[in-house]
Amino acid sequence: MKFAIDVRGLNKYFGKKKVVDDLSLQVRPGEIFGFLGPNGSGKTTSIRLMCGLLTPDSGSGTCLGYDIIAESDAIKRNVGYMTQRFSFWEDLSIRENLDFIARVYQMPDRKASVENALNNLGLKARANQLAGTLSGGWKQRLALAACMLHRPALLLLDEPTAGVDPSARRDFWEELHRLAAQGISVLVSTHYMDEAERCHKLAYISHGALLAQGTAQEIVAAQQLFTWAIKGKMTDESLTQLSDVLASKPGVLQTAAFGNALHVTGRDPLMLEKTLRETVAGLPHEMVRTETSLEDVFIHLMRTPKETREPLQEQPRKVGQ
Amino acid sequence: MNRRSSLFTFSLARCWGVVLKEFLQLKRDRLTFAMVIGIPVMMLILFGYAINMDPKHLKTMMIDADRSEFSRSFIMAMHNTAYFDFVGELNNEAEGEAALARGDVQFVVNIPSDFSRRLVRGERPVVLVIADATDPAAASNAIGAVTRLAESVAWKDLGGPLARLNGSPPLFDVQVHRRYNPEGITQYNIVPGLMGVILIMTMVMITGLAMTRERERGTMENLLATPVRPLEMLTGKIVPYIFIGLIQATIILLAAISLFNVPFVGGILELYVVLLIYIAAALTVGITISSLARNQLQGVQMTFFFFLPNVLLSGFMFPFYGMPKWAQVIAHVLPMTYFNRLVRGIMLKGNSWLDLWPNVWPLMLFTVILMGVALKFYRRTLD
Ligand SMILES: Nc1ncnc2c1ncn2[C@@H]1O[C@H](COP(=O)(O)OP(=O)(O)OP(=O)(O)O)[C@@H](O)[C@H]1O
Ligand SMILES: [Mg+2]
């Protein structure tokens, strides 16, 4: 099996609205693949297409070698899908939810697996609590444990760590890397930049279309953006002011506040530097050339209107796959 | 493996998982549970009250064309049974029919003009009692009382030369004409029929919401992502309620026998086998509805759409063969029609398997066809 996920030219309409637009992506076995994009860009829909919960209007593909349209039953048996919205039974206890999952996946060591999952979650003491009475973050952790319970070869995780505290998130990502090392593939959608940076590969979609794909470095490099950080004693007010001033200046694509520094990004390095020098002159600020971060790139991608976007194919690839 | 073949794949273990889940959820769903037990009790009390009560003082009018001592004492005797309250007098039978039709009175007593003359001659004249038998249970005791009058009336009036007539066979006949409900269903018919009504109502209602509830709570996405197959899912959702249905049926049966003295001449095994088939049929209807319905409101609407013809046309409300032909045709695709015949056949007539079979196989066929429909419309994706 060359790819854990290999979909080509997927299209999906809801009514007249095209929600997934000619989506092709490949995830290799053992890879953690981050799926990014603004709200409503079609991440959830794409994931549902991949695990057979929605039927594409056109396009084809395989998950774990099974056809996503004809063999969705086999896919369901081998894939762990975590829904974005909590979808376990709130009127069942934690243990009962896990037990149900273990039964329908026909796990041979059902009891032991459930106990094991409860222990790993640290929910042993509250195993009989109804799932509906858990806090949001704990619900998320329960859902995660449940979708990994049957030891799937591929995990499709739709914003698994939304609302989860940092320490649990770190544990979760360590667990993901451990699983990946065992050859399990993961497709994970997220809005967190630190999580994006922990992925082996990333895909960025907007309005259902793939805009960038590759490792974090590749994506940053492909956009060919240049960024300066303006630092110094800046109040929030002066920072906003400066940002407003710069936004309309030549060579400036976008500005973004990072703590008490302002990142200014542009495509033309010379013009950007000139503009900045002129603006900063006379102000008690210093300007430093910095690496364009993934976040700068995503904000840039998010702000680019649909029509003026460069198609993915024309983007230069610096680093080969 | 394609979708069609996997439609019928069945794993007992996965199905059992669904059954357990449904049981647990049912256990926690107090309202549904209360409904399951409460509805039969409530309906039995309501219907049972109407059945059990022995209504007295029913409005009655008379057409006394004879106006003799005899006619007056007959009216008096009727009055003394306490079933009849005479509220007025009418001139002819047409007026009587009109009063019945309007529902002003429940009985019209018609004493012909030659009543006393023929009585004295020993010609056994006839007193006509026209009864509004729309509610047969309400009218039956009164009708019984008036027919017995002919035998028991002691004609104290018959002294002197007529005294010889005392003690001889009834001097006159009481003829009862039942209007509006010639078949005159008795209470014995109603309680077994009630079993069919209660079961179909609760069973269809509960399962009618089974799938839509999963959809609206967002748990459907999770269910669809698991390997549970449609047939396992539907069966798993039905099985717990078979037990509930049997509990309900037992409550009704005990009440029928102990409270309403409904005779039970048939076999208990026959009854429970028939109940099992009927409950399965009703649950399949519910699960089909929930496969078709897009939301809970639609589910409830469809449930009522199904429920009404069953109650009206199955022979529970109106005598089956009193209905127009087209209604009988419709009734023959409704499970309650067959169940009504079966349960009455078992409880009242002691039918054997051979007698029951003609009404058993249509129920089975109905269940299988509907399960096919439910599977066909089961939405396997979120599209
Ligand atoms: N069942 C549906 N019917 C109609 N439109 C839908 C449906 N599901 C999603 N959409 C639309 O499709 C688009 C993509 O939705 P989707 O849920 O895939 O976005 P997303 O990338 O997951 O967003 P988020 O980050 O907020 O989770 C949205 O515009 C949404 O309104
Ligand atoms: Mg989403």
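Here the structure is a predicted model, which is why all the values come from computation and not from measurement.
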- Per side-chain contact (heavy atoms from CB on, under 4.5 Å), B:Lys21 is matched among A:Val104, A:Leu92, A:Asp99, A:Asn97 by A:Leu92

- Item | Shortest non-hydrogen contact from A:Ser87 toward B:Gly218 | CB-O, 3.2 Å

- Message: What part of A:Phe100 gets within 4.5 angstrom of chain B, counting heavy atoms only: side chain, backbone, both, or neither?
- Response: side chain

- Does CZ in A:Phe14 sit with more than 12 non-hydrogen atoms of other residues, nucleotides or ligands closer than 6.0 Å? yes

- Message: Between B:Thr226 and A:Arg103, is the side chain to side chain contact (heavy atoms under 4.5 Å, CB included) condition met? List the steps.
- Response: CA-CA 10 Å; B:Thr226 66; A:Arg103 278 180 195 276; over 6 Å; no

- Heavy-atom distance under 4.5 Å to chain B: side chain of A:Ile101, backbone, both or neither? side chain

- Task: Tell me, for B:Leu20 versus chain A, whether the close heavy atoms (under 4.5 Å) come from the side chain, the backbone, both or neither.
- Result: side chain

- Over all heavy atoms of both residues, which pair between B:Ala13 and A:Gln106 is shortest? Give the atoms and the distance, please. CB-NE2, 3.8 Å

- Task: Please round to the nearest 0.5 Å and tell me the distance separating atom CZ of B:Arg28 and atom CD of A:Glu90.
- Result: 13.0 Å

- Query: Of the non-hydrogen atoms in A:Tyr105 and B:Ala225, which two are nearest, and what is the gap between them?
  - Reply: OH-O, 3.4 Å

- Do B:Asp383 and A:Lys12 have side chains that get closer than 4.5 Å, going by heavy atoms? yes

- Look only at the side chain of A:Asp91 and the backbone of B:Asp29, and say whether a donor-acceptor pair between them is shorter than 3.5 Å. no

- Could you tell me which portion of B:Arg217 (side chain, backbone, both or neither) has an atom closer than 4.5 angstrom to a non-hydrogen atom of chain A? both

- Message: Would you compute the distance between atom CE of B:Met220 and atom CG of A:Leu53 and round it to the nearest 0.5 angstrom?
- Response: 10.0 Å

- Query: Do other residues, nucleotides or ligands put more than 12 heavy atoms under 6.0 Å from A:Tyr192 OH?
  - Reply: yes

- Note on the structure: For B:Arg380 and A:Asp73, the nearest pair of non-hydrogen atoms, with its separation, is NH2-OD1, 2.9 Å

- Message: So that I can tick it off, tell me whether B:Glu221 and A:Arg48 are bridged by a salt bridge, with the cut-off set at under 4.0 angstrom between side-chain N and carboxylate O.
- Response: yes

- At what distance, to the nearest 0.5 angstrom, does CG of B:Leu382 lie from OG1 of A:Thr44? 11.0 Å

- Message: Is A:Ile75 in contact with chain B via its backbone, its side chain, both, or neither, using a 4.5 Å heavy-atom distance?
- Response: neither

- Tell me, side chain or backbone of B:Glu232 under 4.5 Å from chain A's heavy atoms, or both, or neither? neither

- Task: Verify the neighbour count for atom CZ of B:Arg294: are there more than 12 heavy atoms of other residues, nucleotides or ligands below 6.0 Å?
- Result: no

